[in-house]
**Student:** 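One structure is given below, represented as structure tokens, and several questions about it will come after.
Because the structure is predicted, anything quoted here is derived from the model rather than measured.
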Amino acid sequence: MRILIADDHHVVRRGLAFFLRTQNDLDVIGEAANGKEAVELAKSLKPDLILMDLVMPEMDGIQATSIIKKEQPEIKIMMLTSFSDQDHVIPALEAGASGFQLKDIQPDELVMSIKRIMSGENQLHPKATSHLLANLSSKNKTERDLIEELTKRELDVLKEIAKGKSNKEIAAALFITEKTVKTHVSNLLAKLELADRTQAALYAVRNHLVD
């Protein structure tokens, strides 16, 4: 996996790069000191995933994420930040981030989160999830109409996605196979006209499908 690190603190960038390079299947291909550099390097280096800080000079992580996802939607972006308030969490996910983790995350957990994002799962820190559950409201009637197209089992899977669970965890919770979960995920994304699991989680929360 080719990774670009975007953070305005040199020590943080260097530390992350040093650690990630110790992992056999991760390759740090570049470092950016601000959002503007991240956008430029994303174009030239075409990383698989970007570790993106939120607050940076010249251009913040949310702006950079929005631009990168519009130009290169295949690039995965994980926000790695010290901020977990709703004013940062929600805009970051709406901009297209596939994950949101705090900088106090354990190194091994960070690697696991990166791998899960690359396999198509959304990875949200519990604090980020709680803000979504508390603050996103129903968007419009059209979304409610689309939800009615889901089968009961697809709805169950959607609710589990919103809790940040992996396919394996969903399979265990619903007593079905991982293959069946993948089928349900594909079907519900198609019916709801969504691109990925992160959008599905936002969708579920907006429509009050999670307690």
**Student:** Work out which heavy atom in Met79 is nearest to a heavy atom in Ala92; give both atom names and the distance.
**Tutor:**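 That closest heavy-atom pairing would be CG-CB, 3.8 Å.
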**Student:** Could you give the side-chain donor-acceptor pairs of residues 184-191 under 3.5 Å, partners two or more places apart or in another chain?
**Tutor:**
from	atom 1	to	atom 2	distance (Å)
Ser186	OG	Lys182	O	3.1
Asn187	ND2	Thr183	O	3.3
Lys191	NZ	Glu149	O	3.2
Lys191	NZ	Glu154	OE1	2.9
Lys191	NZ	Glu154	OE2	3.4

**Student:** Checking Ser119 side chain against Arg116 main chain: does a donor-acceptor pair fall under 3.5 Å?
**Tutor:** yes
**Student:** Would you be so kind as to tabulate the donor-acceptor pairs closer than 3.5 Å made by side chains of residues 44-59, with sequence neighbours excluded?
**Tutor:**
from	atom 1	to	atom 2	distance (Å)
Ser44	OG	Glu40	O	3.4
Ser44	OG	Leu41	O	3.4
Lys46	NZ	Lys43	O	3.2
Asp48	OD2	Arg2	N	2.7
Glu58	OE2	Asn34	ND2	3.4

**Student:** Could you report the tightest heavy-atom contact between Ala38 and Ala6, atom names first, then the distance?
**Tutor:** CB-CB, 3.9 Å
**Student:** Name all residues meeting the salt bridge (Lys or Arg N to Asp or Glu O under 4.0 Å) criterion together with Lys70; count only those two or more places apart in sequence or in a different chain, and write none if there are none.
**Tutor:**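 Scan of Lys70 (salt bridge (Lys or Arg N to Asp or Glu O under 4.0 Å), adjacent residues dropped) gives none.
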**Student:** Counting N and O atoms only, with roles assigned by atom type, does the side chain of Asp27 sit under 3.5 Å from a partner on the main chain of Ile29, one being a donor and the other an acceptor?
**Tutor:** no
**Student:** What are the two closest heavy atoms between Thr65 and Ala97, and how far apart are they?
**Tutor:**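 Distance-wise, the nearest heavy atoms are CG2-N, 3.8 Å.
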**Student:** Has the side chain of Glu37 got a donor or acceptor atom that lies under 3.5 Å from a matching backbone atom of Ala33?
**Tutor:**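 Yes, because the side chain of Glu37 sits within donor-acceptor range (under 3.5 Å) of the backbone of Ala33.
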**Student:** Please answer whether the main-chain N or O of Glu169 pairs with a side-chain N or O of Lys165 as donor and acceptor at a distance below 3.5 Å.
**Tutor:**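 No, Lys165 side chain to Glu169 backbone: no donor-acceptor pair under 3.5 Å.
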**Student:** With a cut-off of 6.0 Å (strictly less than), are more than 12 heavy atoms of other residues, nucleotides or ligands near NZ of Lys103?
**Tutor:** yes
**Student:** Might you work through the side-chain contact (heavy atoms from CB on, under 4.5 Å) test for Leu110 and Met112, ending with a clear yes or no?
**Tutor:** CA-CA 5 Å; Leu110 176 61; Met112 189 61 65; over 6 Å; no
**Student:** Indicate every side-chain donor-acceptor pair of residues 10-21 with a distance under 3.5 Å to a residue at least two apart or in another chain.
**Tutor:**
from	atom 1	to	atom 2	distance (Å)
His10	ND1	Arg13	NH2	3.2
Arg13	NE	Glu31	OE1	3.4
Arg13	NH1	Asp7	O	2.8
Arg14	NE	Glu31	OE2	3.4
Arg14	NH2	Glu31	OE2	2.1
Arg21	NH2	Val28	O	3.1

**Student:** Just verifying a value: how many Å separate Ile170 CD1 and Lys159 NZ, rounded to the nearest 0.5 Å?
**Tutor:**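 It comes to 13.0 Å.
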**Student:** Mind checking what makes salt bridge (Lys or Arg N to Asp or Glu O under 4.0 Å) contact with Asp108, not counting sequence neighbours?
**Tutor:** none
**Student:** Checking side-chain contact (heavy atoms from CB on, under 4.5 Å) for the pair Val157/Leu150: CA distance, chi angles, key distance, verdict?
**Tutor:** CA-CA 10 Å; Val157 171; Leu150 301 181; over 6 Å; no
**Student:** In chain order, what residues pass the side-chain contact (heavy atoms from CB on, under 4.5 Å) check against Asp25, with sequence neighbours excluded?
**Tutor:** Gln23, Lys115
**Student:** Between Ser66 and Ile62, is there a donor-acceptor pair closer than 3.5 Å when you use the side chain of the first and the backbone of the second?
**Tutor:** no
